[in-house]
Each structure stands twice: as C-alpha cells, then as structure tokens.
**Q** 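Below are the structure tokens for one structure; questions will follow.
Only heavy atoms go into these numbers, but all of them, side chains included; no hydrogens, no water, no symmetry mates. Residue numbers begin at 1 in each chain, while the letters A, B, ... track the order of the sequences.
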Amino acid sequence: MSIQPTRIQPLNDVDVRKGEYVLYWMQQSQRSAYNHALEYAVQQANKQDRMLLVVFGLMDDYPEANLRHYTFMLEGLKETLATLTSRGIKMVLRLGHPPEVALKLGRRASMIVCDRGYLKHQRAWREQVAQEANCRVVQVESDVVVPVEVVSDKAEYAARTIRPKINRQLETYLVGLKQTRIKNPSLGFKIKGIDLDDTEGLLRKLNLDPSVPPVSRFFKGGTSRAGKRFEGFIRHRLKHYDQHSNQPQTNDISHMSPYLHFGQISPLYLALKICRAPDFLKAAKEAYIEELVVRHELAMNFAFYTANYDVYSCIPGWAQKTLADHQQDKRDYVYNRRQLENADTHDPYWNACMLEMKHTGFMHNYMRMYWGKKILEWSATPQKAYRTTLAINNKYFLDGRDANSYTGVAWIYGVHDRAWSERSIFGKTRYMAASGLERKCDIAAYVKKVADLVRSAI
DNA sequence: ATCGGCTCGCGCAA
DNA sequence: TGCGCGAAGCCGAT
C-alpha cells in the first residue's frame, strides 16, 4: 500500500540536493515496523539511488524526563536499531538537542525526512530544522490513523463532534503499510554513534533524575514486546473490553499507551489487528477502536489546536467560571504534593491508584479519572490542583507528557465534557465519588491487586 | 434495580 | 430557532 499524500508535508521550500544519503531524523516514531516516515525515507533513498541513514537525537535535559522514561525508551530504541540493521539500514543515536543533531547530519544529506509530534516543543524542533537546513525537509505522519488536519481544522468540542469526522475517513486510512526493500544498504557507512549495548552504563552517564525508578518488570520497552502483549490482549481480554472499561480490578485492557507514547507501536497496526479479530466480538472491537482512534486522536486534536493545552486557562469558559465561583468553598481535606505522591490520604482507593502509578508507571483509565477528580477536591485552588495533577502525571506515568496526558488532565476540569449539577468545590464540572467505585466495580479487589503488585515490585 | 433531573453548548434540522 | 444529546456521574425518589 502506498502512503496517503495527506500524511506527507514538506516543511520548507528548499530543493532536494545531491547528498551522500537521505536522512531520516527519527524522534517520535521510534520503530522500524509500520512507520510511514521510515518507509517514505526508504522510497526516497531508492528513487535518488542513495543510502538511508537514520538518526535519533538523545538529549538528557528533556523536560520532566527521568530514569523511568529513559530506561523504557532505550529498551525500545535498542530493538529498533537492531531491526533496522537487519533491513540493511544504518541507525545512529547522537547525544544532543534533537534539531541540532538532525541539522548536523543533515549537512551531508540530500533531504531530511522526519516524523511528527503534536506538542509545542516537538513542533518547534521541526520548525527549527525546516528553517535552518539547506536541504528539503519533509514531515511524514505515522502516529495517528487519520492526520489531524484531515479530521478537522479546529479544536473539537467533544468526542461526539470529532467521532463522525474520524469515522468517515477510516475507510481511506485503515489500510496497511508495506515495507520497501532498501536498494543501497548503509551498514558499512562509517559514522559514530552512541553504543546501545550497555544500556545501563549509558543511563548512568546521562544526567537523569534517578528518583523515579525503572518499571521494566511491568513494562519493558520495544516493538516486539508491545506486539506480543497486544496479541495476548486480543486472545484473552478483548472479549471483555466493552464490558470492563470501568472495572479496574480486571486486566482487560491492552496496556498499549506507553508503547504508543514512545512510538514503539503504530496505532494503525493495532487498529488493523483489531479489525481482523472475529466478528462476534463486534461490540468489543468497536469499543477498542473508540479508545484507540477516536479518543486518542481527539487528544491530538486538542494539543494541536489549543495553544495553551498545558495550563489551566485551556479549560472552557463555563468551567472556569463555575470553578471560580466555588474557589472559596471549604475543603474537608487539603493535601500537598508530597502527601499525594506518598499516597498518604484518608482515601484507600485513591492511595491504591497512586501506588499503582508510582510502582508500575501505569494506571487503569477509569482510576485516572477518579485520581484527578480527587486532587481537584483536595487542593486549595483548582489552578494549584491542575498544576499538581499534571506534574505527578508526567513524573510517574510512562505515557506522561503525551497529548493524552494534557487532554486527560484538562478533562478533569471540564474539557470535552459538559455541565452537571452544581455542587461544592466542583461547581458544575463532573463529580466522582468513592461510593461510585463501590457501586460500579469491585474496588476492594482493585486495592488488593495493587497491594500485590507493589509487594512484587519491591 | 431503575429512572429522571441536573446543566452547557454544539451541530443539525427546519 | 428549536432541539437532541453527550468520555466513563451523582443523588434522591420510586
């Protein structure tokens, strides 16, 4: 299958030059399988009769990144480097600010191909490369099923407004991607890069916050790990998926968010796998596609079209007003960030999900909502709650600092949601209660599940 | 156990 | 201009 032209965007007007190689500057789509940017780069290299060189810029001052994130990322990159090698493609990791790494190797390239990210800094990096490179820079989208601009030209109001817009594109975009064989292998090309054989040594050398330990026991990075885990999900868990979205005591979820965040697996690949699952699982398949495509890409839409997606002021006017109306309301409990991070509150359910997050780098989606709503309830002001929630989210989750993170936190404060009965502190934003957990799921089993996880992690 | 009301605003029908 | 309806809810009445 060919790559849809809407995935491909030239970022500057510079011509393709004579150069030693085509450069694929990999940053978001950290995989060799189902990567449109990579396949586009291979096709360009073949067309120009050049080699393909892949470079990844490794910086150790990535905002809020810590040992946990980097361990997972390097586990994945190690595999990606190996699979590219088996395809005859040279990949190097270079220490430095990603756009500068790309620009440096871009000096000898005929063109630079890059993948796509929706966060501010990711966009700024690509703009810098596009402006400063003296060769053509082309961005290829591979981390959403339907490119954001194809879906909509504005920030969508809610899932229900984006859903039909995505659905009518699915026929066009839910198509496979074939690997193209490289004509001129680049493995012999002499160029220095970071040695990935000794990942632990490399991690020690990098200037990373060591206070958040790796979680390889629960999530080991890499495309093949993601694929195997997904196979298991389809075989054993998918059949419960539509029934168990608010059953955190079960493990009937795919656990793909860390892999998606680092681009170690393609959402298109996952969607196609789901489509091929048996027809009698129709309801479950639709429920999964809703999460993987509609809500995931609503998050991309939010980050892309909302300039201030990472601050409190991004929430809708009605929500800001109603939360301001209740800013002075008495709080029965107020916890500071340290107490929250230590899972030291009066609420055993909340403590359990905080521990799940801390020890595994992950949390069941249903509990993510409860977790966030309670921080709003237990903070002196909604603004402070928002900052605390985002900071803890980005610190512990493997998929922190994702468009999904910003959207998920904003949802707590009314984004993509609607008004409900007015009440203390929350105003008209949606409230969630411990009694709801008791009513709707086996929350005691969830608490026990987390306790067992934590015990096994120590 | 189940149901209606709460409440906002988008997008479509008219 | 009116109206249906919605990312995962709560609460009180029946």
**Q** Using a heavy-atom cut-off of 4.0 Å across all strands, would you classify A/Arg368 as base, sugar-phosphate, or nothing?
**A**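 Contact class for A/Arg368: none.
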
**Q** According to the side-chain hydrogen bond (donor to acceptor under 3.5 Å, both in side chains) rule, which pairs have a member within residues 221-236 of chain A, sequence neighbours left out?
**A**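 Applying side-chain hydrogen bond (donor to acceptor under 3.5 Å, both in side chains) to every pair that reaches into residues 221-236 of chain A, excluding sequence neighbours, yields A/Glu79-A/Ser224, A/Glu231-A/Lys273.
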
**Q** With a 4.0 Å heavy-atom cut-off, tell me which residues in residues 157-169 of chain A come close to DNA chain B, sorted by residue number.
**A**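 Result for residues 157-169 of chain A: A/Tyr157, A/Arg160, A/Thr161, sorted by number.
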
**Q** Looking at the rings of A/Phe230 and A/Tyr288, which for Trp means the six-membered one, are their centres under 6.0 Å apart?
**A** yes

**Q** For the P atoms, the ones on C/dA7 and on B/dT2, what distance do you get once it is rounded to whole angstrom?
**A**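 Roughly 23 Å separates the two P atoms.
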
**Q** Answer with yes or no whether the side chains of A/Asp252 and A/His244 bring together a donor and an acceptor at under 3.5 Å.
**A** yes

**Q** At 4.0 Å (heavy atoms only), tell me whether A/Met432 reaches a base, stays on the sugar-phosphate, or touches nothing.
**A** sugar-phosphate

**Q** Please determine if A/Glu290 and A/Arg295 form a salt bridge, counting it only when a charged side-chain N lies under 4.0 Å from a carboxylate O.
**A** yes

**Q** Heavy-atom distance under 4.5 Å between the side chains of A/His36 and A/Leu268, does that happen here?
**A** yes

**Q** Contact class for A/Lys154 (heavy atom, under 4.0 Å): base, sugar-phosphate, or nothing?
**A**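 It contacts sugar-phosphate atoms only.
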
**Q** So what is the 5' to 3' dot-bracket string for DNA chain B, if pairs are Watson-Crick or G-U wobble with both distances under 3.5 Å, crossing pairs use [ ] and | means the partner sits on another strand?
**A** ||||||.||||||.

**Q** Near DNA chain C, counting only heavy atoms under 4.0 Å, which residues of residues 411-420 of chain A show up?
**A** A/Trp411, A/His416, A/Asp417, A/Arg418, A/Trp420

**Q** Is it true that A/Phe219 and A/Phe362 have ring centroids separated by less than 6.0 Å?
**A**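 Yes, ring centres under 6.0 Å apart.
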
**Q** Taking only residues two or more places apart in sequence or in another chain, which ones pass side-chain contact (heavy atoms from CB on, under 4.5 Å) with A/Glu286?
**A** A/Lys282

**Q** Apply ring-ring contact (aromatic ring centres under 6.0 Å, His included) to A/Tyr173 and list each qualifying residue two or more places apart in sequence or on a separate chain.
**A** none

**Q** Give me the residues of residues 391-406 of chain A where at least one heavy atom lies under 4.0 Å from an atom of DNA chain B, by number, or none.
**A**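 Residues of residues 391-406 of chain A under 4.0 Å from DNA chain B: none.
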
**Q** Hey, does A/Thr322 reach any base, or is it just sugar-phosphate, or nothing, if we go heavy atoms under 4.0 Å?
**A** nothing

**Q** What are the 5'-most and 3'-most nucleotides of DNA chain B lying under 4.0 Å from any heavy atom of chain A?
**A** B/dC6 to B/dG11

**Q** Pick the P atom in B/dG9 and in C/dC10, then give their distance to the nearest Å.
**A**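 The same atom, P, in both gives a distance of 23 Å.
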
**Q** Holding to salt bridge (charged side-chain N to carboxylate O under 4.0 Å, His left out), I want the full list of residues that pass it with A/Asp452, two or more places apart in sequence or in another chain.
**A**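 Per chain and number, A/Asp452 pairs via salt bridge (charged side-chain N to carboxylate O under 4.0 Å, His left out) with A/Lys448, A/Arg455.
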
**Q** Among A/His121, A/His69, A/His97, find the one that has a ring-ring contact (aromatic ring centres under 6.0 Å, His included) with A/Tyr62.
**A**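 In the set A/His121, A/His69, A/His97, the residue that makes a ring-ring contact (aromatic ring centres under 6.0 Å, His included) with A/Tyr62 is A/His121.
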
**Q** Counting only heavy atoms and a strict 4.0 angstrom limit, can you tell me which residues of residues 289-319 of chain A come near DNA chain C?
**A** A/Glu291, A/Arg295

**Q** A/Gln28 versus A/Arg126: any side-chain heavy-atom pair under 4.5 Å?
**A**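 Yes, their side chains come closer than 4.5 Å.
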
**Q** Any salt bridge (charged side-chain N to carboxylate O under 4.0 Å, His left out) involving residues 314-338 of chain A? Give me the pairs, sequence neighbours left out, ordered by first then second residue.
**A**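 Applying salt bridge (charged side-chain N to carboxylate O under 4.0 Å, His left out) to every pair that reaches into residues 314-338 of chain A, excluding sequence neighbours, yields A/Lys321-A/Asp325, A/Lys330-A/Asp332, A/Arg337-A/Glu341.
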
**Q** Answer yes or no on whether A/Lys374 is positioned over the face of A/Tyr333, meaning its NZ or CZ is under 6.0 Å from the six-membered ring centre and within 45° of the axis.
**A**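 No, A/Lys374 does not sit over the ring of A/Tyr333.
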
**Q** Name all residues meeting the ring-ring contact (aromatic ring centres under 6.0 Å, His included) criterion together with A/Tyr386; count only those two or more places apart in sequence or in a different chain, and write none if there are none.
**A** A/Tyr312, A/Tyr413

